[in-house]
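Report on the structure given below.
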Amino acid sequence: MTPVVSGGVRDSINEALLDAVRRLGVDGDIPDLELGRAKVAEHGDYATSAGLKLARVLHQDPKAITARLAETIHVAEGAAIAEASGGYVNFRLTDAWLRGLIGRVQPGYGAQDIGRGVRLQVEFGSVNPTGPLHIGHGRGVTLGDSICRLLEFTGHSVQREYYVNSDNTQTRRFGASVYARLHGLEPPEGGYTGEYVIELAEMARRDLAGIENLAEEEAEPKLRMYAINKMVERIRATVARVNVRYDEWYYENRLWESGLPQEAIQRLRESGHLKERDGALWFGDPSDDEEDRVVIRANGQPTYFASDLGYLLSRFEQRGYNRVIEVWAADHHGYVPRMKSAAAALGFDPSKLVIILHQMVNLKEGKMSKRAGRFVTLDELIDRVGSDAVRYFYLLRSPDTTIEFDLELAVTQGNENPVYYAQYAHARLANVEATASQRHPHLAEKADVSLLVHPWELDVARQLAFWPDVVEDSTALLEPHRIPYYVHDLATEVHRFYHAGNAQSEHRVVVDDPALTRARLELCRAARHTLKTALDLMGVSAPERM
RNA sequence: GCCCCGCUAGCUCAGUGGAUAGAGCAUCUGUCUUCUAAACAGAGGGUCUGAGGUUCGAAUCCUCAGCGGGGCACCA
């Protein structure tokens with residue numbers, strides 16, 4: 001069982017701050033007091049501009065307010081002391097509390113109960129299964145997976161889903177391309193020309209007896225489903241290589257078989273959101289100024305949008321998720337308002353449909369085109385730089401930033417890759433712990449952490465104190481990229497701590513004094529657990545030796 | 001034309017409206033007979049694209065402009 005820690009020291013400080021503010025006589029609305037990390041060491045660890053904020057409300061001198069706040073504030077457990085500085089109140093974590101924290105850090109430290117068992121679905125990476133994943137898709141699957149890991153870590157009940165398109169225009173073209181290859185022909189206009197389509201046709205010839213004798217009308221759906229299943233298998237294997245897991249591969253045709261799109265269309269028709277025009281059926285919400293969208297084409301075929309209407313029913317109603325998070329590449333951003341207004345029209349709260357957009361991944365060499373079959377696949381990328389580096393590299397960037405993927409650089413990445421820096425810190429700690437157990441086989445069970453007095457020791461503990469904040473912020477904003485930056489900061493403190501022993505041997509972890517060794521070991525253990533936990537959230541391995 | 005994202009050190013990027021804007025890489029200078037040097041210590045490097053505005057306070061919010069990328073289907 002992972003111990004659940006509810007919030008970090010920042011939450012305690014914030015509570016103490018709010019309490020003190022109320023005692024100043026501020027009731028009702030308290031403005032955002034902006035408690036954040038102090039940027040300069042002399043300002044302590046956390047700082048708030050509460051004095052400046054409250055000056056307006058109280059019509060008093062900010063300095064006076066700040067001084068009174070600093071006097072009044074008592075942070076629980078004596079975790080931090082407050083001091084006034086100009087219009088700011090600064091908080092400094094106390095050495096005693098930092099020492100106490102070390103012993104409380106267990107595997108899974110930083111886990112929280114923000115979700116309180118809320119059932120939600122994260123749908124991510126749902127690329128048309130008409131080809132292998134390329135490096136752009138890699139971003140979506142690793143981002144989605146880490147968001148899931150974060151949500152699970154913070155007490156949400158998460159279902160991870162890949163939506164498999166099977167009945168849309170693209171997959172039909174895919175089926176038609178396989179059919180063409182089966183008969184030694186070039187794929188039709190707008191079809192898929194990659195080598196793998198030829199392979200699929202050959203495999204289908206073996207596996208589907210007599211398929212080449214059927215007319216296209218009959219053969220294409222069979223070939224399509226066959227090829228899609230093969231591609232899904234391959235996609236599944238690829239994402240597994242980067243530690244991405246799905247609970248469900250939800251096929252589009254399943255929607256139609258269970259009548260959900262039909263049901264959605266029926267309801268929207270009744271509520272007046274659908275209208276006929278030019279022989280087609282259109283969706284439009286009279287209350288917004290979005291353009292109308294086709295649901296059923298003039299030729300009678302439904303669009304992907306019809307499926308998506310049913311998919312909304314499937315998730316919000318049939319399967320009853322409280323919240324659905326979708327991770328899309330930014331080229332789909334134009335579809336966001338449509339989906340939101342469709343959700344609203346079907347009677348769901350559109351704010352429960354959270355859509356995360358990530359920017360594209362470009363190759364410096366030139367654009368990718370899936371249909372032309374010219375792309376660098378995710379598999380190739382993993383082959384070249386390794387799973388850990390792939391995940392770290394993707395997650396390092398905010399979703400809003402376009403990644404310019406310099407393949408040459410990625411391939412030659414070795415020591416300059418930040419993933420090694422973090423992993424090395426973990427491996428070092430593991431090694432030190434192994435050395436200690438050899439030199440001191442019978443160490444005391446309990447550590448006397450009061451022996452930890454050096455700044456480089458307490459700075460490791462200080463960094464550990466910040467971890468729950470990072471978890472909280474990453475979860476609230478659904479921004480896993482904050483994690484690698486934290487991991488880097490923690491690794492820095494670990495390396496410094498370790499290096500103190502290189503400079504002077506009495507500062508090593510493993511020394512003659514068993515009590516001192518035991519105390520430092522406790523710090524190593526806490527830091528190692530935290531590094532491991534953070535790397536896990538990224539899907540990056542934490543090696544014991546390198 | 002309309003919509004979305006970006007513009008921060010030579011390069012790649014962080015930076016919930018707060019104090020003196022950070023990191024990695026690259027460059028330069030030091031540190032291994034040692035618990036792992038894939039490390040550590042230090043130096044240089046900035047008109048936060050530009051102009052207005054809001055605010056006690058703006059890289060951050062608003063408006064306009066520029067540049068780059070993406071999108072505006074009876075494709076997804």
Both A/P302 and A/A47 contact RNA chain B. Which one's nearest nucleotide lies toward the 5' end?
A/A47

So which one's nearest nucleotide on RNA chain B is more toward 5', A/D489 or A/N165?
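Nearest nucleotide further toward 5': that of A/D489.
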
Check [Y] with [X], please: is the shortest side-chain N to carboxylate O separation under 4.0 Å?
{"X": "A/D45", "Y": "A/R462", "value": "yes"}
{"X": "A/D512", "Y": "A/R439", "value": "yes"}
{"X": "A/D292", "Y": "A/R277", "value": "yes"}

Is there a Watson-Crick or G-U wobble partner for [N] with both distances under 3.5 Å, and which nucleotide is it?
{"N": "B/A41", "value": "B/U29"}
{"N": "B/A21", "value": "none"}
{"N": "B/G6", "value": "B/C67"}
{"N": "B/C48", "value": "none"}
{"N": "B/U60", "value": "none"}

On the nucleotide [N], are OP1 or OP2 found under 4.0 Å from the side-chain N or O atoms that [X] carries?
{"X": "A/H43", "N": "B/U20", "result": "no"}
{"X": "A/R277", "N": "B/C74", "result": "no"}
{"X": "A/S49", "N": "B/C56", "result": "no"}

Distances under 3.5 Å between nitrogen or oxygen atoms of protein and nucleotides 30-32 of chain B:
none

Distance check, C1' atoms only: B/C62 and B/G17, in whole angstrom units.
13 Å

Side chain of A/H333, base of B/C3: donor and acceptor closer than 3.5 Å?
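A donor-acceptor contact between them is present.
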
Could you tell me whether the side chain of A/N90 has a donor or acceptor atom within less than 3.5 Å of a complementary atom in the base of B/A19?
yes

Which nucleotide in the set [options] lies at the smallest distance from any side-chain heavy atom of [X]?
{"X": "A/S85", "options": "B/A19, B/C35, B/U55", "result": "B/A19"}
{"X": "A/R482", "options": "B/U16, B/A39, B/U20", "result": "B/U16"}
{"X": "A/Q359", "options": "B/G69, B/C35, B/C13", "result": "B/G69"}
{"X": "A/R508", "options": "B/C5, B/U34, B/C74", "result": "B/U34"}
{"X": "A/R397", "options": "B/G6, B/U12, B/G17", "result": "B/U12"}
{"X": "A/R428", "options": "B/A73, B/C74, B/A39", "result": "B/A39"}
{"X": "A/Y498", "options": "B/U20, B/C74, B/A37", "result": "B/A37"}
{"X": "A/K39", "options": "B/A37, B/A19, B/A23", "result": "B/A19"}
{"X": "A/D331", "options": "B/C13, B/G71, B/C74", "result": "B/G71"}
{"X": "A/N502", "options": "B/C13, B/A39, B/C35", "result": "B/C35"}

Can you check the A/L52 CG to B/G18 C1' distance for me, whole Å?
8 Å

Check the distance between B/A19's P and A/K53's NZ and give it to me in whole angstrom.
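Answer to the nearest Å: 12 Å.
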
Just checking, A/R293 and A/F305: is the charged tip under 6.0 Å from the six-membered ring centre and within 45° of the axis?
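Relative to the ring axis of A/F305, which defines the angle, A/R293 lies outside at least one limit.
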
With the stacking rule set at 5.5 Å and 30°, tell me whether A/Y88 counts as stacking on B/A19.
yes

